[in-house]
Undergrad: 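The structure that follows is given in the form of structure tokens.
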Amino acid sequence: RLRRGDVVVEAIGRCLSEEEYEAVDQTEYVVSFDDETLERKRAAGDDVLYIDARQQGNMMRLANDSAQPNLKLLYWPPPQRGGLPRRAFLV
């Protein structure tokens, strides 16, 4: 039984830079960090901005595929720790 806040699955896939993301035709299964985190990552020169789950991904790409999703992304490490996140989980 899942409880609120439990990790359901980690976002797995090929890490994309801004340039690689812009070259992707279908972004349906590409995970992005939120806008604030993206800006912090860009400012720091971090090139892991997107996670492409289309070909090398796991079941995460299907887990929250709904008109009314009930899961949210959790980034790791969280901003409170002062680092830039490199991983994402559905919780």
Side-chain angles (χ1 to χ4, degrees):
R1 179 169 168 98
L2 291 173
R3 294 178 304 254
R4 182 178 297 274
D6 283 352
V7 172
V8 175
V9 66
E10 180 177 4
I12 301 290
R14 185 170 156 252
C15 295
L16 301 178
S17 66
E18 194 80 52
E19 295 78 27
E20 292 169 316
Y21 175 76
E22 289 174 3
V24 173
D25 291 332
Q26 296 179 342
T27 59
E28 184 176 2
Y29 296 118
V30 177
V31 177
S32 173
F33 293 94
D34 63 69
D35 291 340
E36 180 181 332
T37 302
L38 278 173
E39 288 308 314
R40 287 182 35 239
K41 288 172 80 67
R42 287 179 184 123
D46 188 341
D47 64 348
V48 177
L49 301 177
Y50 304 93
I51 302 170
D52 184 356
R54 292 174 306 148
Q55 295 176 351
Q56 299 172 1
N58 59 357
M59 68 139 214
M60 178 276 200
R61 64 183 167 196
L62 307 173
N64 214 30
D65 194 8
S66 167
Q68 296 178 332
N70 59 354
L71 298 171
K72 64 179 184 173
L73 282 172
L74 170 79
Y75 306 118
W76 192 261
Q80 303 90 308
R81 290 191 153 194
L84 293 171
R86 306 284 289 181
R87 301 169 75 185
F89 300 87
L90 277 177
V91 296

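These numbers come from the heavy atoms of this one structure, side chains and all, not from hydrogens, waters or symmetry mates.
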Undergrad: Please write out which residues are connected to Val7 in a hydrophobic cluster, directly or through intermediates, given that two of Ile, Leu, Val, Met, Phe, Trp, Tyr count as joined at side-chain heavy-atom separations below 4.5 angstrom.
TA: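 Answer for Val7: Leu74, Trp76, Phe89, Val91.
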Undergrad: With hydrophobic residues grouped by side-chain heavy-atom distances under 4.5 Å, do Val24 and Leu38 end up in a single group?
TA: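 Yes, Val24 and Leu38 fall within the same hydrophobic cluster.
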Undergrad: Closest approach of Ala11 and Met60, non-hydrogen atoms and distance?
TA: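 Scanning both residues completely, I find the closest heavy atoms to be CB-CE, 3.7 Å.
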Undergrad: Identify, with sequence neighbours excluded, every residue that meets ring-ring contact (aromatic ring centres under 6.0 Å, His included) alongside Phe33.
TA: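 Tyr75.
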Undergrad: Taking atom CZ of Arg87 as the centre, report whether more than 12 heavy atoms of other residues, nucleotides or ligands fall under 6.0 Å from it.
TA: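 Atom CZ in Arg87 is not packed in, count stays at 12 or less.
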Undergrad: Can you name the nearest heavy-atom pair linking Glu10 to Asn58, along with the distance?
TA: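 Nearest pair, atom of Glu10 first, then Asn58: O-ND2, 2.9 Å.
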Undergrad: For Asp6, does the CG atom have more than 12 heavy-atom neighbours from other residues, nucleotides or ligands under 6.0 Å away?
TA: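 For Asp6, atom CG is crowded (more than 12 foreign heavy atoms under 6.0 Å).
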Undergrad: Assess the residue pair Arg40 and Asp46 against the criterion (salt bridge (Lys or Arg N to Asp or Glu O under 4.0 Å)); give the C-alpha distance rounded to whole Å, side-chain angles, the decisive distance to 0.1 Å, and a yes or no.
TA: CA-CA 9 Å; Arg40 287 182 35 239; Asp46 188 341; over 6 Å; no
Undergrad: Within a reach of under 6.0 Å around CD of Glu22, are more than 12 heavy atoms found that belong to other residues, nucleotides or ligands?
TA: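 Counting neighbours around CD of Glu22, more than 12 heavy atoms of other residues, nucleotides or ligands fall under 6.0 Å, so yes.
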Undergrad: Does a side chain donor of either Glu18 or Tyr50 reach within less than 3.5 Å of an acceptor in the other side chain?
TA: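 Glu18 vs Tyr50: donor-acceptor pair found between side chains.
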Undergrad: Please lay out, stage by stage, how Arg14 and Gln55 fare under the test side chain to side chain contact (heavy atoms under 4.5 Å, CB included).
TA: CA-CA 8 Å; Arg14 185 170 156 252; Gln55 295 176 351; over 6 Å; no
Undergrad: To the nearest 0.5 angstrom, please state how far the SG atom of Cys15 sits from the CD atom of Glu20.
TA: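 If we round to the nearest 0.5 Å, Cys15:SG and Glu20:CD are 9.0 Å apart.
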Undergrad: Is there a continuous path of hydrophobic side-chain contacts, each under 4.5 Å between heavy atoms, that joins Val48 to Tyr29?
TA: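 In one cluster: no.
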Undergrad: Determine the sole option in Leu16, Leu90, Ile51 for which the side-chain contact (heavy atoms from CB on, under 4.5 Å) test with Val31 is passed.
TA: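 Passing option: Ile51.
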Undergrad: I need the minimum non-hydrogen distance between Ala44 and Leu84, along with the two atoms involved.
TA: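 Heavy atoms of Ala44 and Leu84 come nearest at CB-CD1, 3.4 Å.
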Undergrad: With Glu19, which residues qualify under side-chain hydrogen bond (donor to acceptor under 3.5 Å, both in side chains), at least two apart?
TA: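 Only Ser17 meet the side-chain hydrogen bond (donor to acceptor under 3.5 Å, both in side chains) criterion with Glu19.
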Undergrad: In plain terms, say whether Lys41 and Asp47 are close enough for a salt bridge, that is, a side-chain N and a carboxylate O under 4.0 Å apart.
TA: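 Salt bridge between Lys41 and Asp47, a charged N being under 4.0 Å from a carboxylate O: no.
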Undergrad: Hey, could you give me the CG/CD1 distance between Asp52 and Ile12, rounded to the nearest 0.5 Å?
TA: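 Result: 13.0 Å between the selected atoms.
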Undergrad: Before you tell me yes or no, could you show the steps for Tyr21 and Val30 under side chain to side chain contact (heavy atoms under 4.5 Å, CB included), namely the whole-Å CA-CA distance, both residues' side-chain angles and the distance that decides it to 0.1 Å?
TA: CA-CA 8 Å; Tyr21 175 76; Val30 177; 3.7 Å; yes
